Amino acid sequence: MNLTLEALQVLDAIARKGSFAAAAVELDRVPSALTYSVRKLEEDLDVLLFDRRGHRAKLTSAGQELLTEGRHLLLAAQELERRVKRAATGWEVELRIVLDSIIPFDSLLPLIEAFDRENAGTRLRISHETLSGVWEALLSDRADLAIGAPHGGPDSIRMSGGFQTRQLGMIEWAFAVAPGHPLANAPEPLTASLIQQYRAVAVGDTGRSLPGITSGLLSGQDILTVPSIAAKLQAQLRGLGCGHLPRWLAAPYFASGALIEKQTIEAKPIDKTQIAWRTPVVGKSLKWFITQLSEPVVQHTLLGSPAPHHHESISNV
């Protein structure tokens, strides 16, 4: 290959400094060595890279094109060098985290800020999935860590022995309707047959290959399927349907009167949610997040629920 990173570095330095002499000082080389490198490159490529008629080294159009694209290669090489060095220290180049839609991304920001202070250099890639879609992201190796995964997990995960889980917290649910909804003034507790007559708002399961998970829906009930828990809240505030919301999320709207809590004969059970990851854990970034997610204050921030009194032990699945 005629084109080398060293030749691109020479070209870049000359263009920035405006002369072969100034570039030689920056690169700690003699000017004649730079002149030779450029002439050799011009001969190999059979193009003129510099217009040498003036006092400043001015790039030709071909030289400018080579420099523009060459700088991308130089940056890529520098990034590759940093990634190799990071890998050698035990910190991952990238950590992929999938959040269940019950976990607002905003609640993860303090944890990201704390991780930045570690100066690990690991890139974070964060995505949102819902219900079985969270487990699917782990199984298909699209994620290294799942936060807010539904309790239990599919048989393919429990039987593999290649994953571990730890309880993140509990989610208490409250049945909520807008003040103008027909159920707002209905006598309590609401029966299932009465609720079934009105449209429910539900967050869609994003899983594609695993069996779908449904929660709190009645057979035959009309359903408005929305993309996130935030969208579900907004739909219920508009009176577009009824359904259960996390109590921590609905509480301010109960207090303001924007939503009304209704008691039901069949209350939705408290859900357990957890974090899950593939084993064995090798990278320092994943270990850091697992440790932080065991802290009650972090769990409280993520779920808006009371912090647990003790840490749950790690379980294999």
Side-chain angles (χ1 to χ4, degrees), residues 79 82-83 86-87 89-151 153-154 157 162-171 203-210 213 226-234 246 248-249 271-305 307 314 317:
E79 174 60 18
R82 287 192 291 266
R83 289 169 61 182
R86 283 202 300 271
T89 65
W91 294 97
E92 299 93 316
V93 172
E94 181 177 79
L95 183 67
R96 302 162 301 168
I97 301 174
V98 59
L99 305 178
D100 187 86
S101 62
I102 201 70
I103 307 291
F105 174 73
D106 289 356
S107 68
L108 195 67
L109 293 177
L111 199 58
I112 295 174
E113 290 171 347
F115 181 69
D116 283 349
R117 291 192 288 271
E118 297 292 318
N119 294 315
T122 299
R123 291 197 303 259
L124 299 179
R125 181 181 294 273
I126 299 170
S127 60
H128 256 133
E129 298 286 349
T130 303
L131 298 172
S132 70
V134 178
W135 290 113
E136 201 170 284
L138 277 179
L139 275 173
S140 62
D141 197 28
R142 290 184 286 110
D144 306 300
L145 173 66
I147 302 178
H151 183 67
I157 280 187
F163 298 86
Q164 288 186 315
T165 66
R166 178 179 291 159
Q167 185 169 307
L168 179 65
M170 314 289 277
I171 301 174
V203 181
D205 189 318
T206 58
R208 296 181 180 180
S209 59
L210 294 175
I213 299 174
V226 296
S228 66
I229 195 71
K232 174 176 166 65
L233 170 63
Q234 292 303 315
W248 63 266
L249 180 62
D271 277 344
K272 295 178 181 178
T273 186
Q274 57 196 343
I275 62 172
W277 62 93
R278 190 182 301 273
T279 57
V281 177
V282 177
K284 292 181 179 180
S285 297
L286 179 55
K287 291 178 181 178
W288 186 91
F289 271 92
I290 292 171
T291 299
Q292 294 300 312
L293 289 166
S294 301
E295 295 297 326
V297 65
V298 174
Q299 296 171 343
H300 175 72
T301 299
L302 292 175
L303 292 174
S305 57
I314 297 176
V317 294

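As the structure is a prediction and not an experimental result, all values here were calculated from the model.
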Quiz item: Just how far is it from atom NE2 of His128 to atom CD1 of Ile97, taken to the nearest 0.5 Å?
Solution: 11.5 Å

Between side-chain atoms of residues 105-113 and protein atoms elsewhere (two or more places apart, or another chain), which donor-acceptor pairs fall under 3.5 Å?
{"residue": "Ser107", "atom": "OG", "partner": "Pro104", "partner atom": "O", "Å": "2.6"}

Quiz prompt | Residue list, side chain to side chain donor-acceptor pair (under 3.5 Å) with Glu94, at least two apart or on another chain | solution = Arg125

Quiz item: Can Leu293 and Arg166 be said to form a side-chain contact (heavy atoms from CB on, under 4.5 Å), step by step?
Solution: CA-CA 9 Å; Leu293 289 166; Arg166 178 179 291 159; over 6 Å; no

Practice problem: Can you see which heavy atom on Trp248 is nearest to which on Ile102, and at what distance? | Solution: CZ2-O, 3.9 Å

Practice problem: Begin with the C-alpha distance, continue with both residues' side-chain angles, and end with the deciding distance and a verdict on side-chain contact (heavy atoms from CB on, under 4.5 Å) for Trp277 and Thr279. | Solution: CA-CA 7 Å; Trp277 62 93; Thr279 57; 4.0 Å; yes

Self-check item: With Ser285 via side chain to side chain donor-acceptor pair (under 3.5 Å) - residues at least two apart
Solution: Glu92, Thr122

Quiz item: Any chance the side chains of Glu129 and Thr206 put a donor and an acceptor closer than 3.5 Å?
Solution: yes

Practice problem: Of all the heavy-atom pairs spanning Leu303 and Gly169, show the shortest one and how long it is. | Solution: CD1-CA, 3.5 Å

Quiz prompt | Exercise: identify the closest heavy-atom pair between Ser101 and Ile229 | solution = O-CG2, 3.1 Å

Exercise. Step by step, work out the ring pair (Phe, Tyr, Trp, His ring centres under 6.0 Å) result for Trp288 and Phe115.
Key: CA-CA 8 Å; Trp288 186 91; Phe115 181 69; 5.2 Å; yes

Quiz prompt | Trp91 and Asn119: CA distance, side-chain angles, deciding distance, side-chain contact (heavy atoms from CB on, under 4.5 Å) verdict | solution = CA-CA 10 Å; Trp91 294 97; Asn119 294 315; over 6 Å; no

Quiz item: When rounded to the nearest 0.5 angstrom, what distance separates CD in Gln299 from CD in Gln167?
Solution: 8.0 Å

Exercise. Sequence neighbours left out, what passes side-chain contact (heavy atoms from CB on, under 4.5 Å) with Ala231? Give chain and number order.
Key: Val226, Pro227, Ser228

Exercise. Kindly give the heavy-atom pair with the smallest separation between Val134 and Pro150, and that separation in Å.
Key: CB-CD, 4.4 Å

Quiz item: What distance separates Lys272 NZ from Thr165 OG1, expressed to the nearest 0.5 Å?
Solution: 10.5 Å

Give the table of side-chain donor-acceptor pairs shorter than 3.5 Å for residues 140-147, with sequence neighbours excluded, one pair per line with atom names and distance.
{"residue": "Ser140", "atom": "OG", "partner": "Glu136", "partner atom": "O", "Å": "2.8"}
{"residue": "Ser140", "atom": "OG", "partner": "Arg142", "partner atom": "NE", "Å": "3.0"}
{"residue": "Asp141", "atom": "OD1", "partner": "Arg96", "partner atom": "NH2", "Å": "3.0"}
{"residue": "Asp144", "atom": "OD1", "partner": "Arg96", "partner atom": "NH2", "Å": "2.7"}
{"residue": "Asp144", "atom": "OD2", "partner": "Arg96", "partner atom": "N", "Å": "2.8"}
{"residue": "Asp144", "atom": "OD2", "partner": "Arg96", "partner atom": "NE", "Å": "3.1"}

Self-check item: Partner set under side-chain contact (heavy atoms from CB on, under 4.5 Å) for Lys287, not counting sequence neighbours
Solution: Val281

Practice problem: Step by step, work out the side-chain contact (heavy atoms from CB on, under 4.5 Å) result for Thr273 and Asp271. | Solution: CA-CA 6 Å; Thr273 186; Asp271 277 344; over 6 Å; no

Self-check item: Exam field: side chain Arg278 to backbone Leu138, donor-acceptor pair closer than 3.5 Å
Solution: yes

Quiz prompt | Closest approach of Gly148 to Ile103 (non-hydrogen atoms, all atoms of both residues) | solution = CA-CG1, 4.1 Å

Quiz prompt | Nearest-0.5 Å distance, CD1 of residue Ile275 to CG of residue Asp100 | solution = 14.0 Å

Quiz item: Among side-chain atoms of Thr130 and Asp205, is any donor-acceptor pair under 3.5 angstrom?
Solution: no

